[in-house]
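Below you'll find the structure, written out as structure tokens, and then a few comments.
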Amino acid sequence: MSSKNDKLANSRPSVESSPLEQGSTSRVVRTRFAPSPTGMLHIGGLRTTLFSWLWARKNGGEFILRLEDTDQERVVEGAREQIMDSIAWLGMNWDFGPDKPSPEFGSCVQSERKDDYIKFIQPLLDSGVAYHDWTSTDDLAAMREQAQAEKRPFVFRKSMATLEGPEGGSVIRIAIPDDLTISWDDAVRGTQEWSGKDIGDFVAIKSDGYPTYQFANVVDDHLMGITDVIRADEWLSSTPKHLYLFDQLGWQRPTYVHVPPILGPDGKKKLSKRDGAKNAADYAEEGYLPDAVINFLALLGWNPGTEQEVFTREQLIEAFDISKIQKSGARFDPVKLDWMNGMHIRALSAASRYEHSSEWWPEAATSYDDSYRQSVLELVHERLKKWSELPMLSSFFFEKPEPLGQDKIVKETKFMPEEQGQLISDTLKLLQDSDFSEEDLEKRLYGYAKDNDLKVGKYFMLIRLVVTGSTFSPGLFETLHVIGKDEVLARLAR
RNA sequence: GGCCCCAUCGUCUAACGGUUAGGACGCCAGAUUCUCAAUCUGGAAAUCCGGGUUCAAUUCCCGGUGGGGUCACCA
């Protein structure tokens with residue numbers, strides 16, 4: 001057939017023209033993320049959101065959050081809020097969303113836009129592109145099963161349909177011509193071409209009157225003026241359906257950008273709940289910084305073409321380019337995320353680092369003032385990978401540690417119990433009239449070790465163990481200085 | 001099974017057809033040092049296989065293998 005369709009397909013920008021320019025030359029860039037509120041938004045969805053958001057921000061365009069809830073039965077309570085909270089936590093602001101309708105196109109919730117879809121199906125029905133079908137779901141299932149058994153793909157055609165039935169009980173399908181050829185330039189996959197004979201006549205309007213994703217998606221992308229459809233790879237094979245609809249409705253096609261999947265630990269299947277696929281809330285709870293998560297996610301399936309790894313949010317927006325999105329799937333590496341988060345914690349100014357730390361302090365820290373806590377933070381932050389580690393690394397600044405058994409000290413320092421007692425009481429005397437500046441502590445402690453011919457490492461470890469209860473801590477003088485004279489002497493005297 | 005997509009160190013990735021195949025995480029070693037970190041330096045570590053094109057292939061083509069996606073009144 002259809003020279004008409006071929007022409008439409010061919011009227012698209014040629015292969016030579018960059019797909020990047022298709023969306024951005026004529027119209028202001030508009031992207032959207034369109035999840036269905038059926039559950040948690042996990043890491044893969046978050047990354048897709050990120051790419052959409054970055055691309056809009058980079059181009060001074062708009063980013064829309066649209067809820068695809070046309071399957072009312074699958075809508076999960078709370079999912080909508082969870083999705084919005086996750087995206088907001090990562091600092092990806094939307095220009096229009098479920099909570100922010102547009103004066104131009106209205107609601108961003110599909111169930112509230114039902115009338116729009118019905119409106120556009122009529123011309124398709126009139127032109128014979130769409131038709132009513134009364135085939136029962138049971139019959140459909142049987143047909144599918146048979147196709148399966150015969151090891152052939154299930155491709156529904158009008159000839160298989162039940163064309164008569166009671167008013168209102170039908171679905172509306174889009175008829176796909178066998179000789180249709182649909183081609184397009186995917187911004188990451190390159191030129192794609194599909195044959196109509198591999199595409200079944202798909203349902204556009206369900207028998208309950210709601211549109212399917214396939215239809216609502218196209219209508220909304222058009223009505224909302226979406227220029228770049230950035231979505232997961234799994235949609236690649238339904239793109240021809242969407243394109244056919246754009247063409248038949250006489251609408252301008254957006255640029256399609258199919259991003260690769262994020263893989264689970266085995267490097268094969270997509271990351272799933274079973275792998276502990278997380279949502280943004282989980283990362284918030286473990287004490288990751290939104291900027292670090294964004295930085296990490298951006299580098300999963302995209303790279304700037306330079307050797308830079310650590311980016312601020314602004315640098316990411318500046319550097320991001322959909323032409324550098326990877327084709328193949330990427331594995332999620334939590335170890336690198338930890339490193340990345342540590343880098344971001346260290347990149348913060350002392351003041352904003354302290355601000356970020358606020359809810360992570362151990363219980364005992366509440367009775368201490370800001371300036372004390374801030375000094376502690378500056379001492380321990382280089383050892384932090386995530387905020388949840390703060391209590392473990394800082395507790396001895398706020399409360400006396402559990403006294404260590406002498407055996408433990410012997411094991412760590414090789415000082416016999418008698419020696420321990422002697423050294424500690426000497427140290428107690430030594431520090432009695434110290435001003436407890438780092439310099440003075442250093443002078444006295446080193447001096448004592450030297451005068452008594454002690455291994456500095458062993459001696460310092462002894463003091464550390466007694467004062468902090470831990471085999472590791474920030475530098476000994478800094479630690480003693482911050483804890484303060486009274487408390488240090490009290491701990492030594494125990 | 002049909003159709004489609006993908007393939008560089010363990011992982012994330014770079015490389016106009018000509019590079020000692022680069023960087024990062026992790027790992028190992030060293031430096032620093034009172035411990036642990038942080039930091040710096042060095043090291044081990046990769047082009048899935050087979051053909052073809054070419055003076056030259058990680059790069060282009062074909063085939064294989066492996067992995068993934070999709071074939072719903074779900075998105």
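On a predicted model such as this, the values are computed, not experimentally measured, just so you know. Below, chain A is the first sequence line, B the second, and so on; all start at residue 1.
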*Report the nucleotide, chosen from B:rA37, B:rA75, B:rU35, that has the shortest atom-to-atom distance to any side-chain atom of A:M461.*
B:rU35
*Taking CZ from A:F202 and P from B:rA75, how many angstroms apart are they, rounded to a whole number?*
13 Å
_Whole angstroms only, please: what is the CD-P distance between A:Q308 and B:rU13?_
17 Å
*Quantified in whole Å, what is the C1' atom distance between nucleotide B:rA21 and nucleotide B:rA46?*
9 Å
_Students often mix this up, so state it plainly: with edges at 30° and 60°, are the rings of A:F320 and A:W302 parallel, tilted or perpendicular?_
tilted
_Just the rounded figure in Å: distance from C1' of B:rC36 to CD of A:E382._
11 Å
_Side-chain donor-acceptor contact under 3.5 Å, A:Y117 with A:D220_ = yes
*Any idea which of B:rC12, B:rU35, B:rA38 is nearest the A:A330 side chain?*
B:rC12
*A:S195 side chain N/O closer than 4.0 Å to the phosphate oxygens (OP1, OP2) of B:rC3?*
no
*Sticking with atom C1', work out how far B:rC25 lies from B:rA45, rounded to a whole angstrom.*
13 Å
_Test side chain to side chain donor-acceptor pair (under 3.5 Å) applied to A:S357 and A:W361, A:W360, A:Y354, the passing residue_ = A:W361
*If you check every side-chain atom of A:L236, which of B:rG1, B:rC4, B:rA75 has the closest atom?*
B:rC4
_So A:T135, base contact, sugar-phosphate only, or nothing? Heavy-atom distance under 4.0 Å._
base
_A:Q122 atom CD, over 12 foreign heavy atoms within 6.0 Å_ = yes
_With a 4.0 Å limit, can you tell me whether A:Q192 has a side-chain N or O closer than that to the phosphate oxygens OP1/OP2 of B:rC3?_
no
*Between B:rA75, B:rU13, B:rA37, which nucleotide has the shortest distance from any of its atoms to the side chain of A:Q214?*
B:rA75
*asked:* I need a per-nucleotide contact map over nucleotides 18-32 of chain B, read 5' to 3'. Cutoff is protein heavy atoms under 4.0 Å; write B for the base, S for backbone only, - otherwise.
replied: ----SBBSS------
*Given the C1' atoms of B:rU32 and B:rC48, what is the spacing between them in whole Å?*
43 Å
*For B:rG50, what is the paired nucleotide under Watson-Crick or G-U wobble rules, both distances under 3.5 Å?*
B:rC62
_Measuring from the side chain of A:D198 (C-beta onward, heavy atoms only), which nucleotide among B:rC71, B:rU70, B:rC3 has the closest atom?_
B:rC3
*asked:* Could you tell me the Watson-Crick or G-U partner of B:rC36, where both distances fall under 3.5 Å? Say none if there is no partner.
replied: none
*Are any non-hydrogen side-chain atoms of A:W339 and A:V310 less than 4.5 angstrom apart?*
yes
*Contact class for A:V456 (heavy atom, under 4.0 Å): base, sugar-phosphate, or nothing?*
sugar-phosphate
_Gap in Å between the two P atoms, one belonging to B:rA44 and one to B:rG2, rounded_ = 46 Å
*Which base, if any, makes a Watson-Crick or G-U wobble pair with B:rC16, both distances under 3.5 Å?*
none
*Identify whether any heavy atom of A:G475 sits under 4.0 Å from a base atom; if not, whether one sits that close to sugar-phosphate; answer base, sugar-phosphate or nothing.*
base
*To the nearest angstrom, how far is A:K197 atom NZ from B:rC3 atom C1'?*
9 Å
*Find the partner of B:rA24: check Watson-Crick (N1-N3 plus N6-O4 or O6-N4) and G-U wobble (N1-O2, O6-N3) distances, both under 3.5 Å, and reply none if neither fits.*
B:rU11
*asked:* Less than 4.0 angstrom between a side-chain N/O of A:R74 and OP1 or OP2 of B:rA75, yes or no?
replied: no
*asked:* Which is more 5' along RNA chain B, the nucleotide nearest A:S36 or the one nearest A:P474? Just name the residue.
replied: A:P474
*A:E68 and A:N217, any side-chain heavy atoms less than 4.5 Å apart*: yes
_Whole-Å distance separating the CZ atom of A:F397 from the P atom of B:rC36_ = 17 Å
*Under the side chain to side chain donor-acceptor pair (under 3.5 Å) test, residues paired with A:D198 that sit two or more places apart*: none
*Base, sugar-phosphate, or nothing: which does A:Q326 touch, judged by heavy atoms less than 4.0 Å apart?*
sugar-phosphate
*What integer distance in Å separates A:D220:CG from B:rA75:P?*
13 Å
*asked:* Only pairs with both distances under 3.5 Å count, Watson-Crick or wobble alike; so what is the partner of B:rU41 in this structure?
replied: B:rA29
*Report yes if a donor N or O on one partner sits less than 3.5 Å from an acceptor N or O on the other, where the partners are the side chain of A:R383 and the base of B:rC36; otherwise report no.*
yes
*Of A:F472 and A:T137, whose closest RNA chain B nucleotide lies nearer the 5' terminus?*
A:F472
_P gap between B:rU8 and B:rA14, integer Å_ = 10 Å
*For nucleotides B:rU35 and B:rG42, find the distance between their C1' atoms and express it as a whole number of Å.*
24 Å
_Please pick, from B:rA14, B:rA75, B:rA37, the nucleotide with the shortest atom-to-atom distance to any side-chain atom of A:E234._
B:rA75
_Watson-Crick or G-U wobble mate for B:rC3, both contacts under 3.5 Å_ = B:rG69
_Crowding at CD, A:E77 (>12 non-hydrogen neighbours, <6.0 Å)_ = no
*asked:* Contact between A:F215 and A:V203 at the side-chain level, heavy atoms closer than 4.5 Å - yes or no?
replied: no
*asked:* Tell me the interatomic distance from A:H381, atom NE2, to B:rA37, atom C1', rounded to whole angstroms.
replied: 11 Å
*Check the distance between B:rA38's P and A:E478's CD and give it to me in whole angstrom.*
17 Å
*asked:* By the 4.0 Å heavy-atom rule, please label A:L299 as base, sugar-phosphate, or nothing.
replied: sugar-phosphate
*For A:M392, report the nucleic acid contact type (base, sugar-phosphate, nothing); a contact means any heavy atom under 4.0 Å.*
nothing
_Under the side chain to side chain contact (heavy atoms under 4.5 Å, CB included) test against A:V482, which residue among A:V380, A:V488, A:L379 passes?_
A:L379
_Please give the distance between the P atoms of B:rU59 and B:rU19 as a whole number of Å._
13 Å
*Record whether the side chain of A:S328 comes under 3.5 Å of the base of B:rC6 through a donor-acceptor pair of N or O atoms.*
no
*Output the single nucleotide from B:rC73, B:rC4, B:rC12 whose closest atom is nearest the side chain of A:V203.*
B:rC73
*asked:* For a quick test of reading the model: is some side-chain N or O of A:R144 closer than 4.0 Å to OP1 or OP2 of B:rC71?
replied: no
*Do we see a donor-acceptor contact under 3.5 Å between the side chains of A:D201 and A:Y131?*
yes
*asked:* Say we look at B:rG10 and B:rG1: how far apart would their P atoms be, to the nearest angstrom?
replied: 29 Å
